[in-house]
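Quantities reported herein were computed from a predicted structural model and do not represent experimental measurements.
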There are 2 protein chains.
Amino acid sequence: MRNDSRLSRMLHVLIHMDRHQNAATSEMIAKMLNTNPVVVRRTMAGLRDQGYVRSEKGHGGGWTLVRPLSEMTLLDVYNALGEPHVFAIGPADDQPKCLVEQAVNNALADAMKEAEALLLRRLGNVTLEEIAAEFEAKLTARSAAAYSCAS
Amino acid sequence: MRNDSRLSRMLHVLIHMDRHQNAATSEMIAKMLNTNPVVVRRTMAGLRDQGYVRSEKGHGGGWTLVRPLSEMTLLDVYNALGEPHVFAIGPADDQPKCLVEQAVNNALADAMKEAEALLLRRLGNVTLEEIAAEFEAKLTARSAAAYSCAS
DNA sequence: GATTTTGTAACAAGACAAGTGACATGAGCC
DNA sequence: GGCTCATGTCACTTGTCTTGTTACAAAATC
């Protein structure tokens, strides 16, 4: 568990969901992600609250896509997850009294803010459909038998 | 301890060291950083190994700057610390078999690689001297009495 | 009413920086 | 030589955050 992999996992799931008609249960999704149904529900909750997916209980229930992949950017998913911390590094003190430390924090914060802005801009410029298309291209390029994913 | 604050702390220390003639002991530095001498020695070890600072034992010992601040960029310090993980987010699986997951990872990795490159480029373009200069400017702008830092 | 499936709380695990105590090593001072 | 100061390093704990897991209530379908 070195990284926060929620964004990666949700993108993975959403594209798979688009390729299936029926609702996917948390258990099916969990198997696909090599994880636990509770983790799935926990992570998908944000997407549901933002209206990207719908969840239904009972027989035949599970998770379904609400929006087409073409109307969801990677940034949308990131935001729906609650905008997790991007960086693992940061200042020792957010409100330091020491002017030296303030200057250091300013310099670091400037650079990090730019990098974060670039990252989010990039995420906002890519739709899930584009990633799905890249996958389709690979799929046809290779033999279909080479494709394996527990879904 | 939300973040890895080693870079921030080391920059802070190095600038302070430049403003003092004598060697600074780990204990003095620890007080300045509100931390522990062992943490200081542990973190400074990388800087010492890279030749940016020198440590001496015994009476009058402690830490001294080897290079002028003008010859150290923020990137140098980052590298000396062992290039810690920049991002808190990442893929769920580094070598996934699933082609969808591969496509997702590629898209994320591209964006993150760009953002990391920008960040490191920015860090490489700023010397510690420039941060020190910014501090000096603030110091003269405000009354000297407003400056307080336990060093 | 039984079964399926989500929703959620509560808690353990794993990772990693940071905090802490103990002790050996080496350098200077008397 | 012996004392003191200071680093070097090991071992262990703490704090924080995502994940993993168990348990159980709530709702929808059969």
Side-chain angles (χ1 to χ4, degrees), chain A residues 1-10 12-13 17 22-49 52-64 66 78 81-94, chain B residues 1-10 12-13 17 22-49 52-64 66 78 81-94:
Chain A
M1 188 232 315
R2 209 176 65 239
N3 288 321
D4 178 350
S5 59
R6 284 175 292 178
L7 177 58
S8 160
R9 281 177 157 175
M10 288 302 97
H12 182 187
V13 165
M17 285 172 66
N22 308 335
T25 66
S26 301
E27 192 162 340
M28 290 164 55
I29 297 174
K31 280 216 182 74
M32 186 167 78
L33 296 180
N34 286 311
T35 181
N36 193 293
V38 177
V39 175
V40 173
R41 289 195 275 270
R42 190 192 285 156
T43 314
M44 304 268 289
L47 301 183
R48 180 192 55 221
D49 295 345
Y52 296 118
V53 298
R54 189 176 49 225
S55 61
E56 274 162 325
K57 298 180 177 177
H59 279 279
W63 300 85
T64 47
V66 171
Y78 170 81
L81 288 172
E83 310 178 12
H85 282 345
V86 168
F87 292 108
I89 61 180
D93 184 347
D94 279 318
Chain B
M1 186 237 315
R2 210 177 63 238
N3 288 320
D4 177 350
S5 60
R6 285 176 292 178
L7 177 58
S8 161
R9 280 177 158 176
M10 288 303 98
H12 182 188
V13 164
M17 285 172 66
N22 308 335
T25 67
S26 301
E27 192 161 342
M28 290 162 57
I29 295 173
K31 280 215 181 74
M32 187 167 79
L33 296 180
N34 285 311
T35 180
N36 193 291
V38 178
V39 175
V40 172
R41 288 195 274 269
R42 192 191 285 157
T43 313
M44 304 267 289
L47 301 182
R48 180 193 56 222
D49 295 345
Y52 296 118
V53 298
R54 188 175 49 224
S55 62
E56 274 162 326
K57 298 179 177 178
H59 280 279
W63 300 85
T64 47
V66 171
Y78 169 81
L81 288 172
E83 309 177 14
H85 282 347
V86 168
F87 292 108
I89 61 180
D93 185 346
D94 279 318

Sorted by chain and residue number, the ring-ring contact (aromatic ring centres under 6.0 Å, His included) partners of B/Tyr52 (sequence neighbours excluded) come out as none
Residues which pass side chain to side chain donor-acceptor pair (under 3.5 Å) with A/His85, listed by chain and number, not counting sequence neighbours | B/Arg2
What pairs with B/Asp4 under salt bridge (Lys or Arg N to Asp or Glu O under 4.0 Å), at least two apart in sequence or on another chain?
-> B/Arg6
With five pairs defining each end axis, the helix from C/dG1-D/dC30 to C/dC30-D/dG1 comes out bent, to 10°, by 10°
May I ask you to evaluate whether A/Ser5 reaches the phosphate of D/dT19, defined as a side-chain N or O under 4.0 Å from OP1 or OP2?
-> yes
Paired with A/Pro91, the side chain to side chain contact (heavy atoms under 4.5 Å, CB included) test is passed by just one of A/Ile89, A/Asp94, A/Asp93, namely A/Asp94
With sequence neighbours left out, write down each residue that passes side chain to side chain contact (heavy atoms under 4.5 Å, CB included) with B/Glu83, or none if nothing qualifies.
-> B/Tyr78, B/Asn79
Among all residues two or more places apart in sequence or in another chain, which pass the side chain to side chain contact (heavy atoms under 4.5 Å, CB included) test with B/Ala24?
-> B/Met28, B/Ile29
Rounded to the nearest angstrom, tell me the gap between atom [atom1] in [X] and atom [atom2] in [N].
X: B/Leu33; N: C/dA18; atom1: CG; atom2: P; result: 11 Å
X: A/Leu81; N: D/dT19; atom1: CG; atom2: C1'; result: 15 Å
X: A/Leu7; N: D/dT18; atom1: CG; atom2: P; result: 13 Å
X: B/Arg6; N: C/dG19; atom1: CZ; atom2: P; result: 12 Å
X: B/Asn36; N: D/dG15; atom1: CG; atom2: C1'; result: 15 Å
X: B/Lys31; N: C/dG19; atom1: NZ; atom2: P; result: 15 Å
X: B/Asn3; N: D/dT18; atom1: CG; atom2: P; result: 12 Å
X: B/Phe87; N: D/dC17; atom1: CZ; atom2: C1'; result: 19 Å

Closest listed nucleotide, where the reference is the side chain of A/Arg9 and the choices are D/dA23, C/dG19, D/dG20 = D/dG20
Answer with base, sugar-phosphate or nothing: what part of the nucleic acid does B/Thr43 contact at a heavy-atom distance below 4.0 Å?
-> nothing
Looking at every strand, decide which applies to B/Arg42 at a 4.0 Å heavy-atom threshold: base, sugar-phosphate, or nothing.
-> base
N/O donor-acceptor pairs under 3.5 Å from side chains in residues 35-49 of chain B, not counting sequence neighbours:
| residue | atom | partner | partner atom | Å |
| --- | --- | --- | --- | --- |
| B/Asn36 | OD1 | B/Val38 | N | 2.9 |
| B/Arg41 | NH1 | B/Ser26 | OG | 3.4 |
| B/Thr43 | OG1 | B/Val39 | O | 2.7 |

With the criterion being N/O to N/O and under 3.5 Å, what pairs connect the protein with nucleotides 5-7 of chain D, and how long is each?
| residue | atom | partner | partner atom | Å |
| --- | --- | --- | --- | --- |
| D/dT7 | OP1 | B/Ser26 | N | 2.7 |
| D/dT7 | OP1 | B/Ser26 | OG | 3.1 |
| D/dT7 | OP1 | B/Trp63 | NE1 | 3.3 |
| D/dT7 | OP2 | B/Ser26 | N | 3.3 |
| D/dT7 | OP2 | B/Ser26 | OG | 3.1 |
| D/dT7 | OP2 | B/Arg41 | NH1 | 3.0 |
| D/dT7 | O3' | B/Ser55 | OG | 3.4 |

Which value, rounded to the nearest 0.5 Å, describes the distance between A/Asn34 atom CG and A/Arg9 atom CZ?
-> 8.0 Å
